[in-house]
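We name chains A, B, ... by the order of the sequence lines, and we start the count at 1 in each one. Please read all numbers here as calculations on a predicted model, not as lab measurements. As a basis for the values below, the full set of heavy atoms in this structure was taken, side chains included, without hydrogen atoms, waters or symmetry mates.
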Amino acid sequence: MSKSAYEIDSNIDKIERYVIVAWVDNEAGVLARLSGLFSGRGYNIESLAVAQVDEERKISRITIATYGTEGVIKQIQAQVLKLVPVHKVNIYPINEKTIFRELALVKFLGTGDVLNKAEQLCVDNNFEFLDKTPKSFIVQALGRRTEVDEFIKKIKALGEVSISRTGALAMNKGAETVKDNKGKVL
Amino acid sequence: MGENDYQLTGAEIVFKALHEHDVEYIFGYPGGAVLPLYDQISKEKKIKHILVRHEQGAGHAAEGYARSSGKTGIALVTSGPGATNMVTALTDALMDSIPLVCITGQVPTHLIGTDAFQECDTTGITRPCTKHNWLVKDVNQLAETIHKAFHVANSGRPGPVLVDIPKDVQFQKGIYKSSKDVVVETYKPKVKAELSDIEKAIELIIKSKKPIIYSGGGVINAGVKASDTLTEFIRITNFPITSTLQGLGAFPGSDPQFLGMLGMHGTYEANNAMHECDLMINIGARFDDRITGRVDAFSPSSKKIHIDIDPSSINKIVKVDLAIVGDCLSVLSDMLTTLKNKHSDFCNSNKENISGWWKQINKWRDKKSLSYKKDDKLIMPQYAVERLYEITKNQDSYITTEVGQHQMWAAQFYKFNKPNRWMTSGGLGTMGFGLPAAIGTQVANPGKLVVDIAGEASILMNIQEMSTAVQYKLPVKIFILNNQWMGMVRQWQELLHGKNYSESYTEALPDFVKLAEAYGAVGIRATNPKELDDKILEMVDIDRPVIFDCLVKKDENCFPMIPSGKAHNEMILGPEDKEGITEEGKVLV
């Protein structure tokens with residue numbers, strides 16, 4: 001008797017975090033198409049970063065951090081690839097083969113000792129100060145999402161903060177690249 | 001002569017582009033924001049406009065036209081309510097993979113975003129219910145956009161697209177671009193499958209002792225040749241075949257190798273064969289919930305091959321062992337070639353190999369799951385469809401339906417021997433689909449018999465299209481199985497909701513015979529089985545639109561049935577067999 005398609009190792013159904021990158025034509029409504037697809041089909045968006053990366057070809061790179069089973073992530077990839085303005089879709093599992101970066105701007109409010117303590121935390125992390133006053137500072141936190149998360153948790157414990165985050169960016173290590181249908185590097 | 005002499009208005013560009021795509025008919029309704037396009041229609045010689053009575057009707061008529069002809073359906077409506085009324089038809093076409101190009105007017109560009117009269121965010125509203133849509137703000141992009149629209153609607157898995165054109169763009173002059181000069185960079189669906197996958201499939205086919213083919217609308221969409229190739233494949237392998245609702249007609253319905261439709265109201269033999277098979281070959285179907293029943297008990301011991309042009313259909317609901325992404329015609333042809341060239345011994349011996357399986361299938365067949373209690377005084381709805389089939393089977397007939405019990409009886413009892421003869425709303429389940437779809441079908445197939453098998457509730461949802469049928473002398477026949485109930489709702493209330501018949505009875509129905517006459521059509525009523533044949537013959541002979549009010553038994557249920565939440569081998573066969581509907585099942589739709 002042949003093996004059933006359902007007798008699959010249950011590990012496959014584990015929910016994991018992934019970063020999905022889509023290269024799209026930078027045209028009106030393209031972000032709405034993508035985000036609408038996610039909400040319409042009940043997929044999650046943890047963060048989303050988007051900007052044009054090629055002025056000549058008018059291509060934007062959309063980076064979505066999400067989570068799901070491997071099956072769901074593959075389904076997301078297939079669904080996104082169906083959108084007409086999408087050139088390529090790549091999935092980056094969270095592992096050592098990929099560089100992940102997220103940037104946060106953190107404005108800290110406080111004076112005296114509290115301010116000094118918070119400043120020291122930033123110095124310990126090697127984060128760059130972008131603005132300083134006697135009652136506040138703005139620091140640029142840069143790193144993997146977990147690193148940024150941890151920093152924010154610590155600085156929040158010291159006082160009042162205002163935070164702006166970019167969402168994750170991803171790029172694979174080494175000389176390997178994703179190419180468009182004509183073989184041009186994306 | 002200046003440069004401007006070569007320029008066309010936006011409206012002229014639209015029609016020039018439509019000519020390039022051999023458009024013959026447009027289904028539409030005018031309004032403020034499309035008047036420049038309608039100016040052009042009045043000058044038009046090649047393209048005929050069919051004026052519907054409601055924009056939803058234009059959409060479904062274009063669907064019927066497309067499904068019955070294999071061409072692209074074209075709808076033209078105005079901004080605001082014109083566009084919002086199209087939403088149901090666009091969603092319907094998306095679910096059932098029907099190629100439509102819908103052109104909508106939009107308020108002039110300088111008024112967009114100001115809540116202008118009859119303004120709505122058409123591309124925003126229709127984004128999730130089209131394959132793609134465009135708002136054209138530059139007249140010089142108009143020709144290219146329309147060419148792209150046709151490309152997207154027809155490539156890969158077909159579907160609806162929408163082009164929104166502001167009124168000022170329709171007036172402006174611009175340069176025409178031919179479709180030959182348009183390159184679509186991103187949307188390039190894969191049509192041809194890998195040969196290695198074809199060979200893997202053939203290996204599984206040769207080894208199988210209990211195979212079944214489960215074919216769907218993808219075969220119909222791949223063109224008539226795909227249906228012929230499928231038929232040849234079935235002949236050579238001697239495999240049994242079942243079909244989804246949308247796939248009916250790809251393989252002859254009256255053939256002994258055909259097990260009937262599968263799924264919720266499919267036959268006992270088809271569903272049990274799906275459950276017990278050792279190899280399932282899904283050709284152009286999508287494991288819809290109406291097909292699979294309970295997914296975790298779906299065909300537990302089979303290897304599964306899935307052939308589909310849409311990669312996102314694969315492993316979406318049912319995990320398969322071999323996925324073949326490609327066009328059904330291309331894949332079937334490749335499979336057939338490999339079988340014939342490399343495995344001629346299999347072709348000769350396979351009848352014997354799977355004879356035990358056929359024996360088992362014939363045992364299931366002996367259950368006669370479509371049988372029903374005959375009645376002398378009342379017209380049984382199944383009997384009505386059976387008689388309609390018997391009387392019309394020798395002419396090349398086209399059947400559309402509304403949605404509900406009558407639709408399932410039509411699918412069970414009307415046998416389709418050719419593709420593109422069966423137009424029904426499967427995915428979305430749109431009541432009101434059948435009459436406008438019949439109109440579109442009749443437009444595409446003049447001189448042919450077109451029957452909308454309807455329910456008395458569904459038909460009232462787009463009854464206004466009777467006017468369209470009468471205006472264009474389209475002799476469509478509306479065959480209403482009138483039981484005064486929303487039959488499928490009533491059936492579910494009886495079986496799943498403790499006989500709480502909440503709001504499913506229609507207290508005040510129109511007199512359908514008089515209604516037909518009011519529209520300038522012909523009304524016929526049949527009240528008992530003895531007169532049924534004569535009345536159907538009378539209907540078929542009338543070369544005008546007819547409403548046939550067939551009064552049927554009121555509380556008949558549609559069987560067999562897989563109750564929701566149950567597996568293929570847990571069917572209810574008849575009224576005495578209602579055990580086993582679970583609480584979990586009741587929650588499902």
Paired with A:Val84, the side chain to side chain contact (heavy atoms under 4.5 Å, CB included) test is passed by just one of B:Thr186, B:Asn133, B:Thr130, B:Val161, namely B:Thr186
Within a reach of under 6.0 Å around [atom1] of [X], are more than 12 heavy atoms found that belong to other residues, nucleotides or ligands?
X        : atom1 : answer
A:Glu150 : CD    : no
A:Gln120 : CD    : yes
A:Lys173 : NZ    : yes
A:Tyr67  : OH    : no
A:Lys107 : NZ    : no
A:Asp124 : CG    : yes
B:Lys190 : NZ    : yes

- Message: Taking the side chain as everything from C-beta on, heavy atoms only, tell me whether B:His132 gets closer than 4.5 Å to A:Pro85.
- Response: yes
Okay, A:Glu27 and chain B: the region with an atom under 4.5 Å from a heavy atom over there is side chain
Applying a strict 4.5 Å limit to non-hydrogen atoms, the region of A:Asp25 in contact with chain B is side chain
So, the part of B:Ile314 with a heavy atom under 4.5 Å from chain A: the answer is backbone
Cut-off 4.5 Å, heavy atoms of chain A, and the answer for B:Lys207 is neither
Between B:Glu185 and A:Asn181, the two heavy atoms sitting closest are O-ND2, 3.5 Å
On a heavy-atom basis, the closest approach of A:Lys82 and B:Asp310 is NZ-OD2, 2.8 Å
Between the NZ atom in A:Lys74 and the OG atom in B:Ser312, the distance rounded to the nearest 0.5 Å is 14.5 Å
Here the gap from A:Leu37 atom CG to B:Arg127 atom CZ, rounded to the nearest 0.5 Å, amounts to 12.0 Å
